[in-house]
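Written out below as structure tokens is the structure these notes cover.
The figures here come from the full heavy-atom set of this structure, side chains too, leaving out hydrogens, waters and symmetry mates. Order of appearance sets the numbers: ligands from 1, and atoms from 1 within every ligand.
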Amino acid sequence: MKLIKNIGCLAGIVPDGVLRKCGDEMSHVETLENAWLLIKDGRIADFGTGKEPAADEAIDAQGGNVIPGFCDSHTHIVYAGSRDGEFLDKINGLSYEEIAARGGGILNSADLLHKTTEDELYRQSMVRVKEMMDKGTVAMEIKSGYGLNPQDELKMLRVIKRIKETVPAAVKSTFLGAHAIGRGYSHDAYVQAVIDMIPAAAEYADFIDVFCDEGFFTVEDTDRILTAAEHLLTPKIHANELAVSGGVQVGVKHGALSVDHLERTTDAEIQALKGTWTMPTMLPGSSFFLGLPYGRAKDFIAAGLPLALASDYNPGSSPCGDMRFVMAQGCIKMRLTPHQAFNAVTINSAYAMGVSAEYGSITRGKKAALILTNPGWNLTKLAYQYQTPFIRQVIISAS
Ligand code: NIG
Ligand code: FE
């Protein structure tokens with residue numbers, strides 16, 4: 001049993017059984033001042049104010065805050081090498097689509113990954129996993145999608161599995177064979193190849209994703225792939241990054257757990273999401289890095305929808321996995337309140353990868369996956385003074 005005492009503010013308390021926050025609920029963050037929190041067997045056993053319970057070990061928070069660790073429901077952190085060469089192309093004015101059309105982009109990463117051994121891929125990816133955990137991420141989703149042939153896609157999924165088995169953070173795995181057309185395939189042959197990969201991928205992955213967007217996979221391709229994956233893998237879709245793609249609607253049709261990106265949306269997408277269990281997820285890091293519009297976060301919330309934010313950490317459109325920066329971008333660029341942005345990077349992003357029964361809030365029985373802050377911080381300051389170090393300790397799997 002471990003006790004955290006002298007907590008200035010315990011923030012992000014959510015009643016048991018609440019798995020996501022929608023609409024107005026996103027504006028509220030429940031807190032307890034001058035609190036303590038008790039951890040037993042890696043879970044939140046109890047919390048409160050006043051007289052502290054006895055424990056074998058105590059951490060003195062010295063007035064710092066305790067918040068749930070960040071949950072990052074959309075990443076591509078298993079990749080080989082770097083795409084810093086393309087960064088110069090981008091600076092010189094080429095768009096994401098133009099870089100991809102010249103054989104750069106995702107295919108460049110696929111070539112690098114093909115040449116990299118599985119051990120080395122694991123080693124390089126773990127550097128990023130550690131970086132994310134140091135910045136307070138306690139649960140993350142990781143996608144394949146730089147293999148683009150059966151052997152290399154499975155190589156990626158095995159590396160994700162190995163990460164899952166090694167790190168204390170929760171890891172969810174997504175099969176994104178349909179990320180780009182693999183080299184040497186025609187469009188149709190590759191869609192069929194992805195369909196053929198599904199049974200083997202389902203041995204490793206929790207979810208399936210399709211990059212349903214202009215120049216990549218069509219609504220029809222997506223529909224075929226998700227139909228083939230029915231009963232095997234729950235969808236999470238890349239939609240509406242480069243164009244209003246129809247990806248939201250086809251995702252909803254197939255019961256997607258989340259539809260992600262949404263830089264470009266019309267009211268039709270908002271309508272399509274109403275009354276569904278699908279979590280709209282926006283990735284402000286991609287808007288920032290690629291100069292795309294920011295998603296209409298406030299309109300989604302005003303329509304009563306939930307909203308998650310994630311990093312999209314990847315070498316092409318968002319080379320950053322800092323969820324605190326994502327939260328700040330939510331506030332600065334999408335005009336979310338710090339409370340809305342906080343809910344979007346904790347409980348709702350946990351929901352978007354199916355782990356919100358265990359992560360994303362201060363709730364008795366949930367995993368004690370927490371951030372202990374230095375004294376003097378609050379949620380507003382965290383987003384406002386967005387680069388100053390605020391973490392004293394990330395607590396995961398404490399006994
Ligand atoms: O989410 N949009 C598609 N996939 C990634 C980018 C992948 C890459 O460029 O390597 C994304 O932005
Ligand atoms: Fe992505």
Side-chain angles (χ1 to χ4, degrees), residues 72-87 89-90 94-114 121 124-125 128 140-148 152-153 156 160 172-182 207-217 221-222 235-245 247-248 251 256-264 279-295 308-321 323 326 329 349 352-353:
D72 192 349
S73 63
H74 182 137
T75 85
H76 307 250
I77 51 149
V78 170
Y79 63 83
S82 163
R83 302 229 301 268
D84 53 353
E86 291 171 18
F87 186 47
D89 293 338
K90 182 181 122 62
L94 291 190
S95 68
Y96 184 78
E97 293 93 320
E98 285 164 339
I99 291 170
R102 292 187 350 162
I106 296 167
L107 288 181
N108 185 357
S109 284
D111 293 342
L112 288 167
L113 186 132
H114 182 70
L121 185 61
Q124 292 184 16
S125 305
R128 288 180 281 272
M140 63 186 78
E141 179 257 20
I142 311 175
K143 300 174 195 295
S144 73
Y146 296 120
L148 308 181
D152 291 336
E153 280 296 312
M156 289 191 75
I160 300 171
K172 288 285 173 180
S173 168
T174 299
F175 171 54
L176 176 57
H179 197 194
I181 305 300
F207 305 111
I208 185 163
D209 196 339
V210 177
F211 187 10
C212 181
D213 221 320
E214 198 168 83
F216 289 84
F217 294 87
D221 299 332
T222 309
K236 280 170 67 65
I237 300 298
H238 275 74
N240 297 41
E241 177 184 5
L242 308 173
V244 176
S245 69
V248 169
L257 182 59
S258 73
V259 284
D260 301 26
H261 271 290
L262 313 177
E263 285 86 350
R264 303 169 204 273
M279 177 63 70
T281 301
M282 295 180 184
L283 312 170
S286 297
S287 300
F288 172 72
F289 191 78
L290 296 182
L292 302 177
Y294 286 84
L309 296 177
S311 76
D312 197 19
Y313 194 175
N314 77 76
S317 68
S318 180
C320 172
M323 287 297 281
V326 169
Q329 287 172 315
S349 46
M353 56 178 148

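Not one N/O/S atom of His261, from backbone or side chain, sits under 2.8 Å from the Fe ion (ligand 2). For the Fe ion (ligand 2), the set of nearby N, O or S atoms under 2.8 Å includes one belonging to Asp312.
Among all non-hydrogen protein atoms, the one lying nearest atom 12 (O) of ligand 1 is Ser317 OG, 2.4 Å. Distance from atom 11 (C) of ligand 1 to its nearest protein heavy atom, with residue and atom name: Asp312 OD2, 3.2 Å. Among all non-hydrogen protein atoms, the one lying nearest atom 8 (C) of ligand 1 is Tyr96 OH, 3.3 Å. With hydrogens left out, the protein atom closest to atom 2 (N) of ligand 1 is Glu241 OE1, 2.6 Å, a heavy atom. Among all non-hydrogen protein atoms, the one lying nearest atom 4 (N) of ligand 1 is His179 NE2, 2.7 Å.
Contact of the Ser287 side chain with the Gln329 side chain is not registered, since no non-hydrogen atoms from C-beta on lie closer than 4.5 Å. Between Ile142 and His76 there is no side-chain heavy-atom pair separated by less than 4.5 Å. In this structure, Val210 and Asp221 have side chains that are not in contact, with every pair of non-hydrogen atoms separated by 4.5 Å or more.
Ligand 1 is approached by Tyr146 to a heavy-atom distance shorter than 4.0 Å.
The backbone N or O of Lys172 sits nowhere less than 3.5 Å from a side-chain atom of Glu141 that would complete a donor-acceptor pair. Between the Lys143 side chain and the His179 main chain, no donor and acceptor come within less than 3.5 Å of each other.
Residue-ligand proximity, His261 to ligand 1, at heavy-atom distances under 4.0 Å covers atoms 1 (O), 2 (N), 11 (C), 12 (O). Counting the atoms of ligand 1 from 1 in the order shown, those under 4.0 Å from a heavy atom of Ile106 are 7 (C), 8 (C), 9 (O), 10 (O). Close contacts between ligand 1 and His74 involve ligand atoms 1 (O) [criterion: under 4.0 Å to a heavy atom].
The Fe ion (ligand 2) forms the vertex of an angle spanning NE2 of His238 and NE2 of His76; to the nearest 10 degrees it equals 100°.
Enclosure of atom CD in Glu214 is not indicated, since only 12 or fewer non-hydrogen atoms of other residues, nucleotides or ligands lie within 6.0 angstrom.
Inspection of the His74 and Asp312 side chains reveals an N or O donor paired with an N or O acceptor under 3.5 Å.
Ring orientation note: the planes of Phe289 and Phe87 are close to parallel, at an angle under 30° on the 30°/60° scale.
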